[in-house]
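Have a look at the structure below, then the notes.
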Amino acid sequence: MRRRLPRSFFTHRPTLDGARALLGKYLVRKIGRQVRAGKIVETEAYVGPKDRASHTFGGKVTPRNRVEYLEGGLVYIYLVYGMYWQLNLTTGRAGSPECVLIRALESDRGPATLANGPGKLCRWLRLSKSFYGEDLTTSARLWVEDRGVRIRKEEVVAAARVGIDYAGPYWSRRQWRFYLRGNHAVSTY
DNA sequence: GTACAGATTGAG
DNA sequence: TCAATCTGTACT
């Protein structure tokens, strides 16, 4: 069973639930005739204007974050530290600037370290600026698939998000990072 | 305009 | 432990 996730997957549920639901789904990237796919094993939720760790905190709009204000199911990709791309999927309805950061993938081939971090997975899948705003429900080069993998509740670990100490103790302690227990492709922190 | 820190990574 | 090196923000 291989089904591309439809718009409703991204729009019809709270972002925190979406971050959990994406675990076990497959991110699929078509590069010419080649297809690279990886199981999503780690995510983080960024929950809009109230979330001090979010780029849209306070309802702020910048050239970088504007796609977050559009409907769910789009790509929000941006550069950190001047060198690494970060892949986020927008969630919710238009006007609700929330997203899920994809932090790690488990590839079917290659070492577990191939895509065990947000920057590394973008490098592996050759994702950069040209994917900004890409619609995952219609794109011919990037989408998310349900391949029938079922994740039990006990397999999901909730933990604090990574690298957002600047947001202060309250927001950096929210357990809005989710990963598959014991999976070797989860990023090391 | 300048300064500085950041949703990271891998080399030393 | 540290530096690579864009983007956004807080200043002058």
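Small disclaimer: the values here were computed from a predicted structure and weren't measured. Chain A is the first sequence line, chain B the second, and so forth, proteins listed ahead of strands; every chain is numbered from 1.
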- Task: Indicate yes or no: does A:Glu145 engage A:Lys25 in a salt bridge with an N to O separation below 4.0 Å.
- Result: no
- Message: So if I apply the side chain to side chain contact (heavy atoms under 4.5 Å, CB included) rule between A:Leu5 and each of A:Leu22, A:Leu136, A:Thr137, which one comes out positive?
- Response: A:Leu22
- Message: For the CD atom of A:Glu68 and the CZ atom of A:Arg66, what is their distance to the nearest 0.5 Å?
- Response: 12.0 Å
- Query: Are A:Val41 and A:Val162 joined in one hydrophobic group, where the rule is that I, L, V, M, F, W and Y side chains link up if heavy atoms are under 4.5 Å apart?
  - Reply: no
- What interatomic distance, in whole Å, is found between C1' of C:dT7 and the corresponding atom of B:dG10? 23 Å
- Item | A:Arg103/A:Glu44 salt bridge by N-O under 4.0 Å criterion | yes
- Within 45° cone of A:Phe9 ring axis and under 6.0 Å: A:Arg13 NZ or CZ: yes
- Message: Near DNA chain B, counting only heavy atoms under 4.0 Å, which residues of residues 53-70 of chain A show up?
- Response: A:Ala53, A:His55
- Basic-acidic side-chain contact under 4.0 Å: A:Glu154, A:Arg181: no
- Nucleotide B:dG6, atom P - distance to CH2 of A:Trp171 in whole Å: 19 Å
- Item | Euclidean distance, atom CZ of residue A:Arg52 to atom P of C:dT9 [Å, nearest integer] | 13 Å
- Query: Can A:Leu101 be reached from A:Val157 by stepping across I, L, V, M, F, W or Y side chains whose heavy atoms are under 4.5 Å apart?
  - Reply: no
- Query: Does NZ or CZ of A:Arg161 come closer than 6.0 Å to the centre of the six-membered ring of A:Tyr46, within 45° of the ring's axis?
  - Reply: yes
- Query: So, is the end of the A:Arg173 side chain (NZ or CZ) under 6.0 Å from the ring centre of A:Tyr170 and within 45° of the ring's axis?
  - Reply: no
- Query: What integer distance in Å separates A:Trp85:CH2 from B:dT9:P?
  - Reply: 15 Å
- Is it the case that one hydrophobic cluster holds both A:Leu16 and A:Ile151, taking links as side-chain heavy atoms less than 4.5 Å apart, direct or via other members? yes
- Query: Salt-bridged, A:Glu42 to A:Arg177, with N to O below 4.0 Å?
  - Reply: yes
Write down the protein N/O and nucleotide N/O pairs, taken from nucleotides 2-6 of chain C, whose separation is under 3.5 Å; answer none if there are no such pairs.
| from | atom 1 | to | atom 2 | distance (Å) |
| --- | --- | --- | --- | --- |
| C:dT5 | O2 | A:Tyr81 | O | 3.0 |

- Item | Strand contacts (DNA chain B) in residues 117-129 of chain A, 4.0 angstrom heavy-atom criterion | A:Gly117, A:Pro118, A:Gly119, A:Lys120, A:Arg123
- For DNA chain C, what residues of residues 86-115 of chain A have any heavy atom nearer than 4.0 Å? none
- So what is the 5' to 3' dot-bracket string for DNA chain C, if pairs are Watson-Crick or G-U wobble with both distances under 3.5 Å, crossing pairs use [ ] and | means the partner sits on another strand? ||||.||||||.
- In one Ile/Leu/Val/Met/Phe/Trp/Tyr side-chain cluster, 4.5 Å: A:Leu87, A:Ile164: no
- Query: Can you pull the salt bridge (Lys or Arg N to Asp or Glu O under 4.0 Å) pairs that have at least one residue in residues 31-41 of chain A, sequence neighbours excluded?
  - Reply: A:Lys39-A:Glu106
- Query: When you measure from the side chain of A:Thr91 to the backbone N and O of A:Gly72, does any donor-acceptor pair fall under 3.5 Å?
  - Reply: no
